Amino acid sequence: MSRGIALALAVICAAAVALATVAGTASAAAPAPLAAAREALELTDARLELMDEVMASKWFSRTPIQDPAQEAAVKEAAVAKAQALGVAAGGTRSLFAAEIAAAKEVELGWGARWLYYGAPPDLAAPELEALRSQLSEISERIVAVLPRLLTLGRLPAARRRVGTIAGQVLRVRYLGGESRARIVDSLLAIRPAAPGHGSP
C-alpha cells in the first residue's frame with residue numbers, strides 16, 4: 001500500500017471517528033427528556049400495578065372506589081411539591097388527574113372481573129392506608145421527574161415518540177388506550193412555573 005493511500009485511509013478513519021463521536025454526543029443529549037418520560041411512565045405503571053390490591057382492600061371493606069377528598073389531596077400535594085421544583089401547577093394537576101382516572105379504570109376492571117367470575121379464593125384484604133403510603137411514595141418520585149420534562153413537548157414528533165414508549169411501558173391489565181393517551185398528553189403539557197410561583 002502506498003504512503004498516499006495509507007494517509008487517505010487514516011484521514012477517512014479519523015473523520016469517521018469524529019463523526020461518530022459527534023453523533024454519539026448528540027444522541028446522548030437529545031433523548032434526555034424522553035428518558036425522563038420513560039421513567040415517569042415506568043413509575044406510573046408501578047402505581048397502576050398496585051390497583052388490584054387497592055381494589056381488594058375496598059372489596060372487603062365495601063369502601064367506595066370514588067374518594068373525592070383523597071383524590072383532591074393527592075393532586076394538591078403533587079402540585080405543591082412540583083411548584084417547589086419550578087413546575088407549573090396546571091400541568092401537574094392535569095397529570096395527576098389522568099393518573100387517578102387511570103387508577104380508577106384499572107380498579108373497576110378488577111372489580112368487574114370479580115363480580116362476574118367471583119373473587120379468587122385466596123384474595124387477601126390489604127391495608128388501604130399502607131397501600132396509600134406506597135402510592136404516595138411513587139407519586140413523589142413522579143413529581144421529582146417533572147422538571148426534566150419541561151422541554152419534552154419541543155422534541156420533534158414528541159407525541160408519537162412518547163406514545164410509543166407508553167405503549168411499551170403501560171401494559172397493566174384493564175388500562176384503556178384513552179387513559180394511556182391522556183397520560184401521554186399530560187406529560188407533554190408539563191411547563192415551567194410562572195415567575196414567583198416556583199422555587200426561589
Side-chain angles (χ1 to χ4, degrees), residues 28-51 53-54 57-58 63 65-107 126-159 161-166 168-170 172 175 178-200:
L34 285 178
R38 179 177 288 275
E39 185 176 343
L41 289 166
E42 287 172 348
L43 288 166
T44 295
D45 187 68
R47 198 175 190 279
L48 294 175
E49 287 287 358
L50 290 172
M51 290 306 119
E53 295 186 56
V54 173
S57 177
K58 293 178 179 180
T63 303
I65 290 177
Q66 300 264 25
D67 188 343
Q70 173 66 16
E71 293 168 14
V74 169
K75 285 186 278 192
E76 294 315 308
V79 165
K81 290 182 173 69
Q83 283 188 308
L85 296 174
V87 179
T92 306
R93 192 173 286 110
S94 294
L95 173 61
F96 277 85
E99 295 267 347
I100 290 167
K104 287 192 287 189
E105 181 176 43
V106 175
E107 282 184 66
E127 215 287 309
L128 186 56
E129 288 308 311
L131 286 169
R132 282 178 171 167
S133 178
Q134 291 182 62
L135 294 170
S136 178
E137 181 182 350
I138 294 171
S139 294
E140 289 181 11
R141 292 172 64 192
I142 292 172
V143 170
V145 176
L146 299 187
R148 293 158 51 204
L149 297 174
L150 296 176
T151 60
L152 180 65
R154 300 180 201 164
L155 294 179
R159 180 168 277 98
R161 295 163 81 180
V162 179
T164 297
I165 296 170
Q168 296 166 350
V169 172
L170 295 182
V172 65
L175 180 68
E178 289 185 9
S179 292
R180 188 181 293 110
R182 278 194 293 270
I183 291 170
V184 168
D185 288 342
S186 298
L187 290 175
L188 291 165
I190 297 298
R191 297 288 183 271
H197 291 82
S199 57

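We're numbering straight along the sequence, starting at 1. Bear in mind the structure is a predicted one, so any value in this text is a computation, not a measurement.
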Check your understanding: Should Asp185 and Arg159 be marked as a side-chain contact (heavy atoms from CB on, under 4.5 Å) after you check the CA-CA gap, both sets of side-chain angles, and the distance that decides it?
Key -> CA-CA 7 Å; Asp185 288 342; Arg159 180 168 277 98; 2.8 Å; yes
Review point. Could you go step by step and tell me if Val87 and Ile190 meet the side-chain contact (heavy atoms from CB on, under 4.5 Å) rule?
Key: CA-CA 7 Å; Val87 179; Ile190 297 298; 3.7 Å; yes
**Study point:** Pair Val143-Phe96, side-chain contact (heavy atoms from CB on, under 4.5 Å): steps then yes or no
**Key:** CA-CA 10 Å; Val143 170; Phe96 277 85; 3.8 Å; yes
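Residues Leu170 and Thr44 have side chains in contact (heavy-atom distance under 4.5 Å, counting atoms from C-beta outward). Two residues are said to be in side-chain contact when any heavy atoms from C-beta on lie closer than 4.5 Å; Met51 and Leu135 meet this criterion. Under the 4.5 Å side-chain criterion, counting only non-hydrogen atoms from C-beta, Leu146 is not in contact with Leu85.
For Asp67, the side-chain contact (heavy atoms from CB on, under 4.5 Å) criterion is met by Ala69, Gln70, Arg132, not counting sequence neighbours. Under the side-chain contact (heavy atoms from CB on, under 4.5 Å) criterion, Ala98 pairs with Arg182, Ile183, Ser186, sequence neighbours left out. Remark: Glu140 pairs with no residue by the side-chain hydrogen bond (donor to acceptor under 3.5 Å, both in side chains) rule, at least two apart or across chains. For Glu137, there are no salt bridge (Lys or Arg N to Asp or Glu O under 4.0 Å) partners at least two apart in sequence or on another chain.
Once rounded to the nearest 0.5 Å, the distance linking OG of Ser139 with NZ of Lys75 reads 12.5 Å. Taking CG of Leu95 as the start and CG of Leu187 as the end, the distance is 5.5 Å to the nearest 0.5 Å. Atom-to-atom distance recorded for Leu175:CG and Glu49:CD is 10.0 Å, nearest 0.5 angstrom.
Heavy atoms only, all atoms of each residue included: Arg191 and Leu150 are closest at C-CD2, 3.3 Å. The two residues Thr92 and Ala82 make their nearest non-hydrogen contact at OG1-CB, 3.3 Å. What you find for Pro192 and Ala88 is that their closest heavy atoms are O-CB, 3.4 Å. Leu48 and Ala102 make their closest contact through CD2-C, 3.8 Å (heavy atoms, listed as atom of the first residue, atom of the second, distance). Nearest approach of Leu131 to Pro126, heavy atoms of both residues: CD1-CB, 3.7 Å.
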Going by atom type alone, with no hydrogens or angles, which donor-acceptor pairs under 3.5 Å involve a side-chain atom of residues 31-41 and a protein atom two or more places apart or on another chain?
| unit_1 | atom_1 | unit_2 | atom_2 | d |
| --- | --- | --- | --- | --- |
| Arg38 | NH2 | Gln168 | OE1 | 2.8 |
| Glu39 | OE1 | Arg148 | NH1 | 3.0 |
| Glu39 | OE1 | Arg148 | NH2 | 3.1 |

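Proximity of a side-chain donor or acceptor of Arg141 to a complementary backbone N or O of Leu43 within less than 3.5 Å is not detected.
Among pairs with a residue in residues 87-106, those fulfilling salt bridge (charged side-chain N to carboxylate O under 4.0 Å, His left out) read Glu71-Lys104, Glu76-Arg93, at least two apart in sequence or across chains.
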